[in-house]
Engineer: 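Could you have a look at this structure, given as structure tokens, before my questions?
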Protein chains: 2
Amino acid sequence: MDRSVLRSIPLFAAMSDAQLDRMTAQGSARRIAQGESVFEQGDPAKAFYLLLHGRLKVTQVTRDGQQIIVRVVHPGDLFGFTRALGRPDYPGTATAAVDSLVASWPTESWDGFVENNPQLAMSAIRTIGQRLDEAHTRIREMSTEEVERRVAHAVLRLIEQAGKRVEAGMRVDFPISRRDIAEMTGTTLHTVSRILSAWETRGLVEGGRQKLVVCDAAALSRLAENAG
Amino acid sequence: MDRSVLRSIPLFAAMSDAQLDRMTAQGSARRIAQGESVFEQGDPAKAFYLLLHGRLKVTQVTRDGQQIIVRVVHPGDLFGFTRALGRPDYPGTATAAVDSLVASWPTESWDGFVENNPQLAMSAIRTIGQRLDEAHTRIREMSTEEVERRVAHAVLRLIEQAGKRVEAGMRVDFPISRRDIAEMTGTTLHTVSRILSAWETRGLVEGGRQKLVVCDAAALSRLAENAG
DNA sequence: CGTATTCTTGACTTATATCAATGTCGGTGG
DNA sequence: CCACCGACATTGATATAAGTCAAGAATACG
């Protein structure tokens with residue numbers, strides 16, 4: 001891991017070479033195979049992470065065994081910096097959706113980094129703030145929208161954050177199941193399956209096993225916005 | 001406004017007298033009458049605030065006019081520091097549920113405060129982090145729990161954060177309508193009314209116009225946890 | 001007092017979950 | 001290489017939680 005890797009990430013863009021070198025010195029990189037987890041819900045938070053390459057799903061299981069997807073981690077995102085938020089353990093499990101590469105630092109390093117670099121602090125605040133915004137958006141959608149619109153919003157977001165051009169349109173660039181989408185929108189895989197089938201008939205998307213291609217994003221947006 | 005007021009708030013506890021004085025010098029206090037708003041959704045974020053006394057509800061309205069309650073602001077909470085999160089406008093409206101007193105600072109002051117006081121930055125990160133946690137909890141509840149349990153959780157939270165001992169039990173210490181609870185839990189006032197009526201029959205709560213007293217918190221907790 | 005909120009309650013409707021069965025894909029091992 | 005197994009997906013039938021519609025009662029307020 002060298003400083004140019006970090007430099008390319010907005011969170012670290014404003015840091016000096018010396019500061020970046022100090023960070024890279026304390027951190028280390030690690031490869032996570034598809035299906036493996038970086039940490040598990042309830043584990044003591046010994047480190048915080050940055051996704052360098054790949055894609056992760058952060059999930060939570062409720063006491064009665066139901067699972068939800070809290071968020072998808074994209075390259076360049078910080079994750080698992082739970083301790084900085086005042087929690088001693090990880091609130092969820094981070095699983096690699098594809099082979100991934102993560103950088104990690106011991107939690108103890110956090111305070112030092114922040115103290116020596118107010119820019120980093122402000123960036124971090126903005127980052128968490130965005131996440132809070134996203135969470136509120138999700139709450140608003142779950143409170144006021146029906147399932148179909150929620151799914152439409154979720155799919156559009158996936159395309160924005162992880163869309164890849166293919167012949168038929170834009171494809172979600174990591175394996176994503178109907179169940180995953182259900183766990184992101186607070187519904188069941190059955191309902192998601194029905195919705196996607198209907199969309200496929202209308203030519204809006206193309207489905208498949210762990211696969212999703214959006215063919216007509218504009219129509220999907222309309223659907224997401226105007227209740228109809 | 002003097003420094004002892006701020007000193008009593010965890011967020012500022014670690015600051016030096018000099019720093020606190022600098023903050024109080026740049027800020028000002030303002031009284032908000034019940035029903036008035038501190039700022040409205042979409043207003044440019046010219047200031048950030050701290051609730052000194054009273055109680056606020058932060059609401060959002062969707063394009064089609066549906067309203068949700070994003071959160072309740074309690075004394076000692078920072079709110080409206082949207083700009084620090086990288087947004088130019090307020091994402092919601094903050095309305096006084098009772099006569100309230102707020103301190104405010106121009107948004108431009110934020111960066112200076114943070115740069116000169118890493119402690120404040122770390123406190124702020126923790127604060128937003130907690131809020132993110134709360135948001136995720138709400139998402140999890142809305143995804144996996146039925147309405148009655150969600151309402152139970154919401155009511156218990158209100159009691160924790162704004163409970164006041166009265167003869168019959170613990171009362172929510174500000175006017176709160178059935179509609180408010182509905183907007184906090186993603187349901188309708190009708191359903192909330194039915195649920196509270198049922199609870200009242202079982203002796204768990206005592207209702208009333210804009211009033212809510214929890215008589216048997218233990219039973220309510222049980223209800224909130226074990227699906228039954 | 002009358003008018004406006006807030007709340008309650010009943011009857012009905014509907015979106016979505018649940019239950020159940022079947023199909024399809026893709027990798028593993030015989 | 002083919003057969004089989006497990007994970008994922010589809011689709012129909014049915015059940016039900018909670019929303020909608022509607023009417024009225026209670027409480028606060030000017």
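Atoms considered below: every heavy atom in the structure, side chains included; atoms not considered: hydrogens, waters and symmetry mates.
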Engineer: Verify the distance criterion only: is there a donor paired with an acceptor across the side chains of A:Glu141 and A:His136 at less than 3.5 Å?
Structural biologist: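 Side chains of A:Glu141 and A:His136: no pair found under 3.5 Å.
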Engineer: Just by distance, do the side chain of B:Asp99 and the backbone of B:Gln34 share a donor-acceptor pair under 3.5 Å?
Structural biologist: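 Side chain of B:Asp99 to backbone of B:Gln34, a donor-acceptor pair under 3.5 Å: yes, one is there.
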Engineer: Is the closest side-chain donor-acceptor distance between B:Glu40 and B:Ser37 under 3.5 Å?
Structural biologist: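 B:Ser37 and B:Glu40 do have a side-chain donor-acceptor pair below 3.5 Å.
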Engineer: Remember a base hit wins even if backbone is also touched, and classify B:Gly208 as base, sugar-phosphate or nothing at under 4.0 Å, heavy atoms.
Structural biologist: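 Contact class for B:Gly208: sugar-phosphate only.
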Engineer: Once you round it to whole Å, what is the distance between P of D:dG19 and CD of B:Glu148?
Structural biologist: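 So the CD-P distance, B:Glu148 to D:dG19, works out to 13 Å.
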Engineer: Do the charged groups of B:Asp216 and B:Arg202 touch, with an N to O distance under 4.0 Å?
Structural biologist: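 So B:Asp216 does not pair with B:Arg202 through a salt bridge.
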Engineer: Does a side-chain N or O from B:Ser177 land closer than 4.0 Å to OP1 or OP2 of C:dT6, or not?
Structural biologist: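 Negative; the distance criterion is not met.
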Engineer: Looking only at side-chain N and O atoms, does B:Glu225 offer a donor or acceptor that is under 3.5 Å from a partner on B:His153?
Structural biologist: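 Their side chains do contain a donor-acceptor pair, which is all the 3.5 Å distance test asks for.
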Engineer: Roughly what angle, to 10°, lies between the helix axis at the start of the helix from C:dC1-D:dG30 to C:dG30-D:dC1 and the one at its end, five pairs per end?
Structural biologist: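 One end's axis against the other's: 40°.
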Engineer: Among residues at least two apart in sequence or on other chains, which ones pass ring pair (Phe, Tyr, Trp, His ring centres under 6.0 Å) with A:Phe81?
Structural biologist: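 With sequence neighbours excluded, A:Phe81 shows a ring pair (Phe, Tyr, Trp, His ring centres under 6.0 Å) to A:Trp110, given in chain and number order.
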Engineer: Please work out which residues in residues 189-201 of chain B have a non-hydrogen atom less than 4.0 Å from an atom of DNA chain D and list them by number.
Structural biologist: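 Residues of residues 189-201 of chain B that come under 4.0 Å of DNA chain D are, in numerical order, B:His190, B:Thr191, B:Arg194.
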Engineer: May I ask you to decide if B:Ala45's main-chain N or O and B:Thr107's side chain share a donor-acceptor pair within less than 3.5 Å?
Structural biologist: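 Between the backbone of B:Ala45 and the side chain of B:Thr107 there is a qualifying donor-acceptor contact (under 3.5 Å).
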Engineer: Begin with the C-alpha distance, continue with both residues' side-chain angles, and end with the deciding distance and a verdict on side chain to side chain contact (heavy atoms under 4.5 Å, CB included) for B:Met170 and B:Val213.
Structural biologist: CA-CA 5 Å; B:Met170 294 290 277; B:Val213 182; 5.9 Å; no
Engineer: Quick one: which of D:dG19, C:dG26, C:dT8 gets closest to the side chain of A:Arg209?
Structural biologist: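 Nearest to the side-chain atoms of A:Arg209, counting from C-beta on, is C:dG26.
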